[in-house]
Amino acid sequence: MRIDVVSIFPDYLAPLELSLVGKARREGILDLQVHDLRAWTTDRHRTVDDTPFGGGAGMVMRPDVWGTALDHLLEPSTSSAAPGATTLLIPTPSGAPLTQQDAEELAGRERLIIACGRYEGIDARVAEHYAQRPEVTVREFSLGDYVLNGGEVAALVLVEAVARLLPGVVGNPASLVEESHSTAPGGGLLEYPVYTKPATWRGLAAPDVLLSGHHGKVARWRRDQALRRTAQRRPDLIAGLDQATLDEADRAVLTESGWSGGRHGAVGETTGEGGGPP
Ligand code: JB8
């Protein structure tokens, strides 16, 4: 997979040389290139921003500079011209929150370009223009309901979330199936708590069942813990579960955790037959 990141602070992306992502790059699984947006400016001051039409605080990134940069990266020499071959990702607090499902979809793409804005963001015509190009799919995304100073941290998050799903990046692919937010069957819950040696640390003992060697009991305990945590911390995820995947023991744990059949769940959700407690 090829990923280009464009930013006025390319050094902000330096951590992408480290850890699993850095290893994927060195191994050639990931061709990741970081570019300085100012390389595509033409004026003496290397200007990338200007005042907002209509007034208001702050500065807006100019569409002409972004257009030159993105056209260069989309040139046939560096890109396929096949319809939708490239996904242009634009971090913005007004985008849709990035999900594990998004990361899985993006990991299956050939080419990503991440356009990191600063100031009050990028002139809206940039997203509009590239969405009209048949070879490009545009996705504006956010990390959640809080505001950063620019798109660079969101780019780091996106690259890490996607790169670890590429074949050969994570040593044991089974660890991708078991983790929180896994979209694999039986997923959709937060992870159970994990423990290692020493068996007792500062007076705190690891749960006996985990040292029992009884695989069935361990599996049930872990599922109970995952359900309990999810009901307490993320009731929206319980409300979104396929109720048919819950067995009798699951429903008992949810009732015990005070989950009341989706009353704190998503608006418009109904619990239906076999849902939560009445
Ligand atoms: C200027 O919070 B964010 C975010 C904030 C930003 C820009 C991009 C993303 C650009 N401020 O995800």
Side-chain angles (χ1 to χ4, degrees), residues 1-16 18-19 21 32-41 43 45-74 86-107 109 111-133 136-165 180-181 234 236:
M1 162 180 262
R2 163 92 182 259
I3 304 180
D4 293 278
V5 183
V6 185
S7 163
I8 60 167
F9 296 119
D11 292 349
Y12 223 119
L13 287 303
L16 296 177
L18 307 175
S19 189
V21 175
L32 174 65
Q33 299 179 30
V34 180
H35 312 270
D36 184 349
L37 177 68
R38 290 192 205 274
W40 287 284
T41 58
D43 64 313
H45 300 288
R46 308 183 90 200
T47 309
V48 295
D49 62 338
D50 212 323
T51 54
F53 284 137
M59 300 292 273
V60 174
M61 295 191 109
R62 293 174 58 104
D64 50 357
V65 178
W66 274 108
T68 306
L70 296 173
D71 285 353
H72 175 88
L73 295 176
L74 287 166
T86 299
T87 302
L88 173 60
L89 294 144
I90 308 178
T92 164
S94 37
L98 187 71
T99 65
Q100 187 62 27
Q101 193 189 321
D102 294 330
E104 286 169 11
E105 283 169 22
L106 293 170
R109 320 277 318 186
R111 176 89 190 273
L112 308 179
I113 300 177
I114 311 178
C116 301
R118 281 269 151 178
Y119 318 111
E120 300 307 309
I122 303 173
D123 185 302
R125 291 170 292 183
V126 172
E128 187 183 345
H129 170 80
Y130 288 99
Q132 289 168 355
R133 304 250 300 234
V136 182
T137 301
V138 176
R139 297 181 65 165
E140 296 184 81
F141 74 98
S142 84
L143 295 183
D145 293 338
Y146 43 85
V147 179
L148 306 171
N149 286 329
E152 287 76 9
V153 168
L156 288 172
V157 168
L158 186 125
V159 170
E160 184 154 322
V162 169
R164 62 194 295 283
L165 300 177
S180 293
H181 306 297
R234 293 293 306 277
D236 58 311

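Side-chain atoms are counted along with the backbone in the values below, which use heavy atoms only and exclude waters and symmetry mates. First listed ligand is number 1; within each ligand, the first listed atom is number 1.
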Worksheet item: Between Ile122 and ligand 1, which residue portion shows a heavy-atom distance shorter than 4.0 Å: side chain, backbone, both, or neither?
Response: neither
Can you list the ligand 1 atoms lying under 4.0 Å from a non-hydrogen atom of [X]?
| X | value |
| --- | --- |
| Tyr146 | 2 (O) |
| Thr92 | 8 (C), 9 (C) |
| Val147 | 2 (O) |
| Asn149 | 1 (C), 11 (N) |
| Gly117 | 10 (C) |

Item to complete: Let me know which of Leu112, Ile90, Leu158, Leu106 forms a side-chain contact (heavy atoms from CB on, under 4.5 Å) with Arg139.
Response: Leu106
Identify, for [atom], the protein heavy atom at the shortest distance, and state residue, atom and that distance.
| atom | result |
| --- | --- |
| atom 1 (C) of ligand 1 | Tyr119 O, 3.1 Å |
| atom 4 (C) of ligand 1 | Pro93 CD, 3.4 Å |
| atom 8 (C) of ligand 1 | Pro91 O, 3.1 Å |

Worksheet entry | Test item: Arg62 and Asp123 side chains (from C-beta on) under 4.5 Å apart, heavy atoms | no
Worksheet item: Out of Leu148, Ile90, Asp145, Leu143, whose heavy atom is nearest to atom 2 (O) of ligand 1?
Response: Leu148
Worksheet item: Would you say the side-chain atoms of Thr41 pair up with the backbone N or O of Leu37, donor to acceptor, closer than 3.5 Å?
Response: no
Discussion item. I'd like to know if the side chain of Ser7 and the backbone of Phe9 have a donor-acceptor N/O pair within less than 3.5 Å.
Written reply: yes
Closest heavy-atom contact between [X] and [Y]?
| X | Y | answer |
| --- | --- | --- |
| Thr47 | Val65 | O-CG2, 3.7 Å |
| Asp102 | Pro97 | OD2-O, 3.6 Å |
| Ala127 | Val138 | O-CG2, 3.8 Å |

